[in-house]
Amino acid sequence: MDRLTVINDALQATGNNRVNVEYDGSAEWQAADPAYRRALAFLIPRHKWNFANTTAPLAGRLPVSPHESYQNAYVLPGDCLLVENAFWSGAPIREFEIVDQKLCCACDQGVSVKYVRAPAPGQWPLLFAELVTMKVEAQLLRGFNEDTDNARRRDADVEAMLEEVRSALDRQEPPRAMFMSRTAARRLGRGSRRYTGR
């Protein structure tokens, strides 16, 4: 599914004229294009979408760091929306900070990041494409149609569907190992049924 399809589906669902080509100068396009961009900016950070995650090594260290404590800084990839983790030679970096779209840390080489990007629409699962379409509909109802009540209802539909989609996707992930500290186990006491240590 491409951007034009998402936009036309949203325009049609809100009772507006479809557009034949992108950037045609029509009032519909001028309303729908920013609605599409805002819908993506709203939805992508709301969950760890696997299709939006990627890992990449960071290019050479910058000559000057914008951070007062970390002397090493690296430019983040251009399509980076959100850094999930940073690594040094494959091991997680425990302390880093993002300043002015630069990753600042103590490591002077071998740094990579796992990050969320804005993927091309052709890479979206169908449920995510539907969420984007619904969110564009809400934006069009609010701005282009000046129908605030239906816009609120559509936003509520987006939130409800987002919760369902996140729940379904989370069930596909392998369960995380549960960690229980020895201190917590001692507090629970060896006689407790919850204590599983030895």
Side-chain angles (χ1 to χ4, degrees), residues 1-14 16-26 28-59 74-88 90 92-93 96 98 100-103 110-144 151 154-176:
M1 182 174 289
D2 60 17
R3 173 170 61 172
L4 188 59
T5 302
V6 169
I7 284 175
N8 274 330
D9 286 352
L11 284 167
Q12 187 170 352
T14 52
N16 295 299
N17 294 325
R18 296 164 61 93
V19 295
N20 292 323
V21 293
E22 296 181 353
Y23 305 104
D24 68 353
S26 65
E28 288 81 4
W29 174 261
Q30 290 176 9
D33 180 43
Y36 173 87
R37 285 187 273 106
R38 289 180 65 195
L40 277 181
F42 173 81
L43 288 167
I44 286 181
R46 298 290 302 275
H47 185 67
K48 291 185 177 182
W49 308 104
N50 289 340
F51 68 91
N53 291 347
T54 191
T55 303
L58 298 181
Y74 303 84
V75 175
L76 292 170
D79 60 352
C80 177
L81 298 177
L82 177 72
V83 172
E84 287 194 346
N85 212 337
F87 303 91
W88 172 71
I93 298 173
F96 64 90
I98 309 298
D100 192 26
Q101 279 300 97
K102 297 170 183 68
L103 185 134
V111 176
S112 61
V113 288
K114 179 181 179 187
Y115 68 96
V116 178
R117 61 187 166 155
Q123 297 174 304
W124 298 351
L126 291 176
L127 285 174
F128 184 78
E130 183 61 23
L131 277 167
V132 174
T133 305
M134 291 167 63
K135 191 63 180 175
V136 173
E137 289 170 18
Q139 302 281 6
L140 289 171
L141 286 166
R142 182 172 287 106
F144 195 60
R154 203 58 176 147
D155 275 333
D157 293 341
V158 169
E159 289 298 328
M161 186 173 173
L162 180 60
E163 193 56 42
E164 286 180 32
V165 170
R166 284 194 297 207
S167 177
L169 291 175
D170 287 346
R171 284 195 300 271
Q172 294 179 42
E173 295 291 317
R176 291 194 174 114

Checklist line | Heavy-atom pair of closest approach, residues Ala151 and Ala138 | finding: CB-O, 3.5 Å
Check: Do you know which two heavy atoms are closest between Ser112 and Pro57, and how far apart they sit?
Finding: CB-CA, 3.7 Å
Set of side chain to side chain donor-acceptor pair (under 3.5 Å) partners for [X], sequence neighbours left out:
X      : answer
Asn17  : none
Asn85  : none
Thr54  : none
Arg142 : Asp155

Next item on the list: Report the residues that fulfil side-chain contact (heavy atoms from CB on, under 4.5 Å) with Glu159, sequence neighbours left out, ordered by chain and then residue number.
Entry: Phe42, Arg46, Leu162
Checklist line | With sequence neighbours excluded, residues passing side-chain contact (heavy atoms from CB on, under 4.5 Å) with Ala10 | finding: Thr133, Val136, Glu137, Leu140
Item checked: Gln139 side chain to Ala32 backbone, donor-acceptor under 3.5 Å -> no
Next item on the list: Please confirm whether the backbone N or O of Leu11 pairs with a side-chain atom of Thr14, one donor and one acceptor, at under 3.5 Å?
Entry: yes
Measuring from [X]:[atom1] to [Y]:[atom2], what's the distance to the nearest 0.5 Å?
X      : Y      : atom1 : atom2 : answer
Glu130 : Met161 : CD    : CE    : 5.0 Å
Asn16  : Ile7   : CG    : CD1   : 12.5 Å
His47  : Ser167 : NE2   : OG    : 9.5 Å
Tyr74  : Leu103 : OH    : CG    : 8.5 Å
Met134 : Asp9   : CE    : CG    : 12.5 Å

Margin query: The criterion is ring-ring contact (aromatic ring centres under 6.0 Å, His included); which residues satisfy it with Trp29, sequence neighbours excluded?
Written below: Tyr23
Next item on the list: Before giving the answer on side chain to side chain donor-acceptor pair (under 3.5 Å), spell out for Asp2 and Thr5 the whole-Å C-alpha distance, their side-chain angles and the decisive distance to 0.1 Å.
Entry: CA-CA 5 Å; Asp2 60 17; Thr5 302; 2.6 Å; yes
Check: Hey, are the side chains of Gln101 and Val75 touching, using non-hydrogen atoms and a 4.5 Å cut-off?
Finding: no
Counting only pairs under 3.5 Å, give me each side-chain donor-acceptor contact of residues 115-129, with atom names and distances, residues two or more places apart or in other chains.
residue	atom	partner	partner atom	Å
Tyr115	OH	Asp79	OD1	2.9
Gln123	OE1	Ala120	N	3.1
Trp124	NE1	Pro119	O	3.4

Checklist line | Pairs satisfying salt bridge (Lys or Arg N to Asp or Glu O under 4.0 Å), at least one member in residues 29-45, at least two apart | finding: Arg3-Asp33, Asp33-Arg37
Next item on the list: Under the salt bridge (Lys or Arg N to Asp or Glu O under 4.0 Å) rule, collect the residues that match up with Asp100, sequence neighbours excluded.
Entry: Lys102
Next item on the list: Report the C-alpha separation of Ile98 and Leu76 in whole Å, then their side-chain angles, then the decisive distance to 0.1 Å, and conclude whether the side chain to side chain contact (heavy atoms under 4.5 Å, CB included) test is met.
Entry: CA-CA 9 Å; Ile98 309 298; Leu76 292 170; 3.9 Å; yes
